[in-house]
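Take a look at the structure below.
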Amino acid sequence: MNNILKLKKITSAWILAILLLFVLAISFGITMRFNQANDIKLSPVTFYSLMTTHGVTMVGIWVVAGMMAVNYLLSRYVKVSNGLNLFAMALTVIGVVMLWLTTFVGHYHTGWTFLYPLPFYTAWEKWATPVFLLSLGVLGIGWFVWSVGMLWQILKRYSLPQAFAWQHFKKGHTVETPPFILITTVTLVGVIACLLTAVLLLILYFAEYFSKGTFTNDALLMKNLTYFFGHTIINEALYLGVATLYELLPEVSGRPKFKMTWYVAVAWNCTLLFVLTAFFHHLYMDFAQPQSFQIIGQVASYFASLPSASVTAFSVIVLIYKNPVKWSLTNLLFVVGVAGWLIGGIGAVIDATISNNFVLHNTLWVPAHFHTYNAMGNVLFSLAFFNWAAKDFQGIASPLRYDKTKIFWLMVGGFGFVLMFYIGGAYSIPRRYAEYPNEFTNAKLLASAGAWFAIIYLWAIIVILFNIVMKCIKMFSVSE
Ligand code: HEM
């Protein structure tokens, strides 16, 4: 079998696995919202086990969705390794099985942030703590090796300054760096940095676990490491989605390719620097944290998101405004995804401003903003890639006929679902409550409405993914 056909088959398998886990994880989310609404009754342990499974699974699948999309598109520029791709897939499957065993059989339920020292308060099966930590290690190793492999291939074709597009800072350069290569490089460096931090974090956890009480970690250091890893990786997942947008949106719209400009180069180099320090905004309420870090947190939160988001929005508007565009499900998903990213980004910047954070910290405003730029941003970038790839595998486009209706219902469900979180946040309703006390008078109603909107979102997703799934399944019967 030739390499391209192999790559298509592996990519189809990724898409099918990711979509299956996505539908299951959305169902867990809807179940949680109905429980918060008091429409169903789960035990607190079941609620928090579902919340942990939902959080880690969602973060994990959208990180690998971005990686496999970027890997597929990289094959246009450099040689990609199918062996590493399969290695990452095998470790991802093993990691997910281990993780789900810990939460569903072992009842592990620290939340996806597993904040120190929670994993040691074993309110679950004893084995579940080490197995949960190991499952993160297994996932991390697979993704680390794959990311290093991709970066290595980029650096074999482009020098380091070219991969970062530094020659575009001044006039008269001879080598052009495609925006896709720049964004992918910036993002993979970030992914590698946060996976290395995860390794350090796991070593510290296991050092304490095996020390039998002779070694205790520093709680503030552990929190900093956890958020450096967790906050950064989910942001990098979004940027992987943006890389696919830069590569595919002009092409599927029948417009000229995006060209590298000095401001695109500056914006994404800023992102590399600032995304690694923006996580400090998670520690505003930790008064032992040095004050300078708090200020860096606020400034970095602005500079990590604003340059890349505004440059991307500007490029997309220039591409479509008053221009003949060939609309399809793929570019509709990309454009709505940019809107979701911007709305969620504004919500995030509001919360990352220290004076606002005193009010919004750990309220439903937090799931509001990150669900907006994930469920209505990055997920749509990945679905756009899946839709494009499924067509690329078979060479058959699906008719546009009902696509606008599907997007309409996706927007009604998705934006309605997150709006209920935003209103809850504005009313200071806390996040991560399995049941709301009666003092929060409208919390249950908002939760119920949120769950029904999420059902509309799920229905629209299933309708959208039907064609993609059929084409991916057919891919396995294709021979040379
Ligand atoms: C319509 C689809 C979705 C539904 C119904 C849903 C529902 C929920 C609910 C009810 C919570 C708990 C909120 C709280 O009280 O704090 C939650 C948390 C979370 N969700 Fe979603 N969600 C959806 C999509 C997504 C997506 C696409 C992501 C992608 C990253 C995601 C990632 C998370 C994470 C990381 C948490 C935090 C878990 C924790 O605190 O440990 N969700 N979700």
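Start at 1 and go down the list; that is how both ligands and their atoms are numbered. Only a predicted model underlies this, so the values are computations on that prediction, with no experimental measurement involved.
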Between the protein and ligand 1, which nitrogen or oxygen pairs come in under 3.5 Å, and how far apart is each?
from     : atom 1 : to   : atom 2 : distance (Å)
ligand 1 : 15 (O) : Q36  : NE2    : 2.8
ligand 1 : 15 (O) : R432 : N      : 3.0
ligand 1 : 16 (O) : R432 : N      : 2.8
ligand 1 : 20 (N) : H54  : NE2    : 2.9
ligand 1 : 20 (N) : H371 : NE2    : 2.8
ligand 1 : 22 (N) : H54  : NE2    : 2.9
ligand 1 : 22 (N) : H371 : NE2    : 2.8
ligand 1 : 40 (O) : R431 : NH2    : 3.4
ligand 1 : 40 (O) : R432 : NE     : 2.6
ligand 1 : 40 (O) : R432 : NH2    : 3.0
ligand 1 : 41 (O) : W112 : N      : 2.8
ligand 1 : 42 (N) : H54  : NE2    : 2.9
ligand 1 : 42 (N) : H371 : NE2    : 2.8
ligand 1 : 43 (N) : H54  : NE2    : 2.9
ligand 1 : 43 (N) : H371 : NE2    : 2.9

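- In this pair, Y209 and F206 present their aromatic rings perpendicular. The plane angle is above 60°, beyond the 30 to 60° band.
- Residue F440 qualifies as enclosed at atom CZ: its count of foreign heavy atoms under 6.0 Å is above 12.
- The 12-atom threshold is not exceeded at CZ of F358, counting heavy atoms of other residues, nucleotides or ligands nearer than 6.0 Å.
- More than 12 heavy-atom neighbours from other residues, nucleotides or ligands sit within 6.0 angstrom of CZ on F104.
- There is a side-chain donor-acceptor pair under 3.5 Å between N85 and W14.
- A distance-only check finds a donor-acceptor pair linking the side chain of Y116 to the backbone of N217 [under 3.5 Å].
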